[in-house]
Every structure is written in structure tokens, then in C-alpha cells.
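Shown next, in C-alpha cells, is the structure this report addresses.
Please read these numbers as outputs of a predicted model, since none were measured by experiment.
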Amino acid sequence: MATTQEYIEYVCEQIEGIGEIRYKKMFGEYMVYVNNKPILLVCDGIVYVKKLDVIYDLMKEADVGIPYKSAKEHYILDIDNKELSRKVLIELEKVTPIPKPRKKK
């Protein structure tokens with residue numbers, strides 16, 4: 001089941017106020033960017049974050065899953081828990097680099 005437009009907008013509403021939020025549709029699902037940094041992956045109506053040490057203490061009780069075939073295991077973020085979501089995203093935003101622009105062929 002693909003993520004709906006309404007759901008991705010809800011996800012963005014839950015995290016507003018922590019920086020510039022935007023999303024991009026990719027392969028039928030969505031990447032959510034905070035300050036131009038790819039932070040959340042939303043697939044099939046589930047919000048995923050990378051398993052990084054910086055958020056281990058916040059996410060150690062969280063479920064894990066694989067967002068798409070051949071992906072590494074990610075934490076599943078309870079986006080309905082606005083306080084936790086904001087804490088996780090603030091920490092991830094600090095350590096996530098802005099992607100380098102791809103060179104055109």
C-alpha cells in the first residue's frame with residue numbers, strides 16, 4: 001500500500017518547527033528533508049529513520065523494519081508521538097550531511 005499524499009502531509013505537520021521541511025516523491029514513496037538533509041523515509045505509510053548511534057537511546061525500544069527491498073534495517077518512528085519525533089529529528093539533523101549534487105552526464 002503506497003503512502004498517501006494526506007499521510008505525508010500529516011508527517012510533515014508533526015515535525016514542523018524544527019527547520020525547513022519538504023518532501024520528495026521517490027520510487028512511489030517519499031523522502032522527507034529537514035534543512036535539505038534526507039532524514040525520514042516514508043514507505044507504505046510507515047516512517048523510517050536510519051539506525052544511527054546518535055539516536056540509539058531514544059529509539060532502543062522502537063520496532064525495526066526494512067523500508068524497501070535491499071535496504072538496511074531502519075528504526076520505525078512513531079510519528080504520532082510528536083515529542084519523540086522532534087527529539088529524534090533534531091539529533092539526526094545534526095549528523096546528517098546535505099547530499100552532494102549529482103553531476104550531469
Side-chain angles (χ1 to χ4, degrees):
M1 176 181 112
T3 302
T4 65
Q5 181 74 31
E6 293 79 22
Y7 187 71
I8 195 66
E9 289 175 8
Y10 170 74
V11 169
C12 292
E13 287 171 13
Q14 289 296 95
I15 61 172
E16 65 187 6
I18 62 165
E20 179 187 336
I21 308 294
R22 68 180 176 90
Y23 59 88
K24 183 176 182 180
K25 193 165 191 165
M26 302 172 76
F27 311 110
E29 295 297 347
Y30 294 90
M31 178 65 73
V32 177
Y33 295 81
V34 178
N35 298 327
N36 292 317
K37 299 175 180 182
I39 304 288
L40 298 177
L41 189 56
V42 184
C43 301
D44 295 324
I46 300 171
V47 181
Y48 296 93
V49 293
K50 282 187 179 179
K51 289 180 80 174
L52 298 175
D53 291 342
V54 70
I55 59 170
Y56 174 77
D57 288 338
L58 293 168
M59 297 296 291
K60 63 186 171 193
E61 302 294 320
D63 290 335
V64 294
I66 298 176
Y68 55 89
K69 192 175 181 177
S70 77
K72 293 181 181 178
E73 189 174 72
H74 284 58
Y75 290 122
I76 296 175
L77 182 63
D78 178 6
I79 199 68
D80 295 326
N81 184 337
K82 196 170 187 171
E83 183 179 341
L84 173 65
S85 297
R86 294 172 63 81
K87 286 179 182 178
V88 168
L89 269 67
I90 287 168
E91 293 305 313
L92 287 174
E93 196 275 336
K94 291 176 188 176
V95 299
T96 303
I98 294 175
K100 293 179 182 176
R102 294 183 180 212
K103 294 182 180 180
K104 295 182 181 177
K105 293 182 180 180

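- Contact detail for K37 and T96: the closest heavy-atom pair is CD-O, 2.8 Å.
- A single hydrophobic cluster is seen to contain both I21 and V95, as judged by linkage of ILVMFWY side chains at heavy-atom distances under 4.5 Å, directly or through other members.
- Remark: the backbone N or O of D78 is paired with a side-chain donor or acceptor of S85 at under 3.5 angstrom.
- Under the 4.5 Å side-chain contact rule for hydrophobic residues, V32 and I90 share a cluster.
- Formation of a donor-acceptor pair under 3.5 Å by the Q14 side chain with backbone atoms of I79 is found in this model.
- Minimum heavy-atom separation, P38 to P97: CD-O, 4.0 Å.
- Note that CD of Q5 is 10.5 Å distant from OG1 of T3, once rounded to the nearest 0.5 Å.
- In this structure, OG1 in T4 is found 7.5 Å from OH in Y30, a value given to the nearest 0.5 Å.
- Annotation: D53, atom CG; neighbour count of heavy atoms from other residues, nucleotides and ligands within 6.0 Å does not exceed 12.
- Note on residues 56-75: pairs passing side-chain hydrogen bond (donor to acceptor under 3.5 Å, both in side chains), not counting sequence neighbours, are K51-E73.
- Contact between C12 and Y23 at its shortest, heavy atoms only, is SG-CD2, 3.6 Å.
- No single ILVMFWY cluster, assembled from side-chain heavy atoms under 4.5 Å apart, contains both M26 and I8.
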Original post:
Checking side chain to side chain contact (heavy atoms under 4.5 Å, CB included) for the pair K24/Y33: CA distance, chi angles, key distance, verdict?
Top reply: CA-CA 8 Å; K24 183 176 182 180; Y33 295 81; 3.9 Å; yes
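- Inter-residue side-chain proximity for V64 and Y48 is flagged as unmet; no heavy-atom pair is nearer than 4.5 Å.
- Note on V54 and L77: same hydrophobic cluster, where clusters join Ile, Leu, Val, Met, Phe, Trp and Tyr whose side-chain heavy atoms are under 4.5 Å apart, directly or indirectly.
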Subject >> Derivation and outcome, side chain to side chain contact (heavy atoms under 4.5 Å, CB included), residues N35 and E93 >> reply: CA-CA 8 Å; N35 298 327; E93 196 275 336; 3.2 Å; yes
Original post:
Does the side chain to side chain contact (heavy atoms under 4.5 Å, CB included) test come out yes or no for M59 and V49, once each step is laid out?
Top reply: CA-CA 10 Å; M59 297 296 291; V49 293; 4.2 Å; yes
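- The neighbour count for K50 NZ, taken as heavy atoms of other residues, nucleotides or ligands under 6.0 Å away, does not exceed 12.
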Original post:
What's the verdict on side chain to side chain contact (heavy atoms under 4.5 Å, CB included) for D44 and E29, showing C-alpha distance, side-chain angles and the deciding distance?
Top reply: CA-CA 7 Å; D44 295 324; E29 295 297 347; 3.3 Å; yes
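- I76 and I39 are members of different hydrophobic clusters when ILVMFWY side chains are connected at heavy-atom separations under 4.5 Å.
- L41 has its side chain out of reach of I46: every pair of non-hydrogen atoms, C-beta onward, lies at least 4.5 Å apart.
- The distance from the CG atom of L89 to the CD1 atom of I55 is 8.5 Å, given to the nearest 0.5 Å.
- Residues passing the salt bridge (charged side-chain N to carboxylate O under 4.0 Å, His left out) test with E83, sequence neighbours excluded: K87.
- Closest approach of E16 to E13, counting heavy atoms only: CG-O, 3.2 Å.
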